[in-house]
Number of protein chains: 2
Amino acid sequence: MSTSTAVPATTGPTTQRGDAVALYQLPGHLIRRCHQIAVALFFEECAAFDITPQQYAVLRVLAANDGVDQITLAGLAAFNRTTAGEIVERLEGAGLVARRNSKLDRRTKNIFITETGRRLLADANAAVKRVQERLLIPLDRDERARFIEYLARIASENNELSRAPLRPIARGRGGNRTSGPA
Amino acid sequence: MSTSTAVPATTGPTTQRGDAVALYQLPGHLIRRCHQIAVALFFEECAAFDITPQQYAVLRVLAANDGVDQITLAGLAAFNRTTAGEIVERLEGAGLVARRNSKLDRRTKNIFITETGRRLLADANAAVKRVQERLLIPLDRDERARFIEYLARIASENNELSRAPLRPIARGRGGNRTSGPA
DNA sequence: AACTGATGATCAGCATACTGAGTAACTGGC
DNA sequence: GCCAGTTACTCAGTATGCTGATCATCAGTT
């Protein structure tokens, strides 16, 4: 089967005839496939921790911003508000985060990472680092830096186009106004 | 209490203190955000067509490989087999594809793009082209070419790591062995 | 023909990722 | 102190994206 397997990486299995750009050259399609690979690598490297990439992101955000409400958490992790709520619910079920009603604003629920969550995060960080390294193996040192820079620029400058944009916390005037950890 | 979790405003959400690499610098996280942006742009540009990026990909694959079975289709679009079946089912409901039992192999169902599907594809191509252009606005001409090349290389060289790898059709010895279009 | 292993499709189940609507609670203006 | 607009969360509904199991069928062997 040496005939069909030698497909140039840039064209894919079926180069296009009539259309201008082949499906396999569209950045949208390529980003989707790279995302699939990144997720697959995450599950492979983090199998022992039984968490998803999104759950890991929530723990990372909470480790740096403990006690934020769900909407703020969604903004910090660039999640949809509903999705964030569901992920937090599963993390709560696993004992990795705790949810408490705020006393300052009874609409909000403040999310705190638990000791178990912090330990898992500390243990998983090395595995997650391996995910990134394996993902970028096809690129050399300079290309990796450029690739990450391009991704960051696209994500940053197009942030408001996203349906779940990144929303950093506006700090400097009274903190993050939570009811605080117990 | 403005706890010790308060991050200086100068660092914001993009830099880290203790850990080696910040969440916002991890390629896996950045790819996820770029994917969200690409999907959002797709829905914005293609609102009039009422299709999803994945459904568009299926139509593109069928336009070049009409009559393949679902597993082959999944491989050509880099979808999971179950996901591919669901997407095809919705496309069938919308009248954009047709599903017929193969006479050569009664296990398989061959998928064909309909005339409606071909027309929608032709109409949507310009909108999809705009999606790609808008996505890459933050990059200059040379950077765009490099970015796409990096994505293609990562997707290609890590293909087997994906849980839904790209599976080109092995051509040259008897075609794709379907029952053929009506 | 029967047996065995592989394959295509489907199903149950779980986890993201969204939209739009609804409810409860806060906030600013009066 | 009331009212209007806003906000936090939740729910229903839809669409991807997977795993593992099941069933029917096919292919190669005996």
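Below, chains carry the letters A, B, ... as their sequence lines are ordered, and counting in each starts from 1. Every value quoted in this text rests on a predicted model; they were computed, and no experiment measured them.
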Inset, instruction - Let me know the distance between CG of A:Leu73 and P of C:dA17, rounded to the nearest Å. - result: 13 Å
Inset, instruction - Could you check how far CG of A:Asn101 sits from C1' of C:dA25, rounded to whole Å? - result: 12 Å
Legend entry - Ring-face cation of B:Arg100 near B:Phe112 (centre distance under 6.0 Å, axis angle within 45°): yes
Inset, instruction - To the nearest Å, give me how far apart CG (B:Leu104) and C1' (D:dA27) are. - result: 14 Å
Legend entry - Sequence-distant partners of B:Thr116, side chain to side chain contact (heavy atoms under 4.5 Å, CB included), two or more places apart: B:Leu96, B:Thr114, B:Arg119
Inset, instruction - Give the rounded distance in Å between these two atoms: CZ of B:Phe43 and C1' of C:dA17. - result: 10 Å
Legend entry - Base D:dT25 to side chain B:Arg106, donor-acceptor N/O within 3.5 Å cut-off: no
Inset, instruction - Nearest whole angstrom, please: distance from the C1' of C:dT19 to the CD of B:Glu44. - result: 16 Å
Inset, instruction - In whole angstrom, give the distance that lies between atom CG of A:Asp105 and atom P of C:dG28. - result: 12 Å
Inset, instruction - Using a 4.0 Å cut-off on protein heavy atoms (strictly under), produce a 5'-to-3' string for nucleotides 10-18 of chain D with B for base contact, S for backbone-only sugar-phosphate contact, and - for none. - result: BB---SBBB
Legend entry - Heavy-atom check, side chain of A:Pro27 versus side chain of B:Leu136, under 4.5 Å: yes
Legend entry - Lys NZ or Arg CZ of A:Arg146 over B:Tyr150 ring: under 6.0 Å, within 45°: no
Inset, instruction - Would you mind reporting whether A:Leu161 and B:Arg134 have side-chain heavy atoms less than 4.5 Å apart? - result: yes
Inset, instruction - Starting at atom CZ of A:Arg100, determine the distance to atom P of D:dC9, rounded to an integer number of angstrom. - result: 15 Å
Legend entry - Nearest-angstrom distance from the residue atom CD1 of A:Ile111 to C1' of D:dA8: 11 Å
Legend entry - Side-chain donor or acceptor of B:Glu143 paired with backbone N/O of B:Asp140 under 3.5 Å: yes
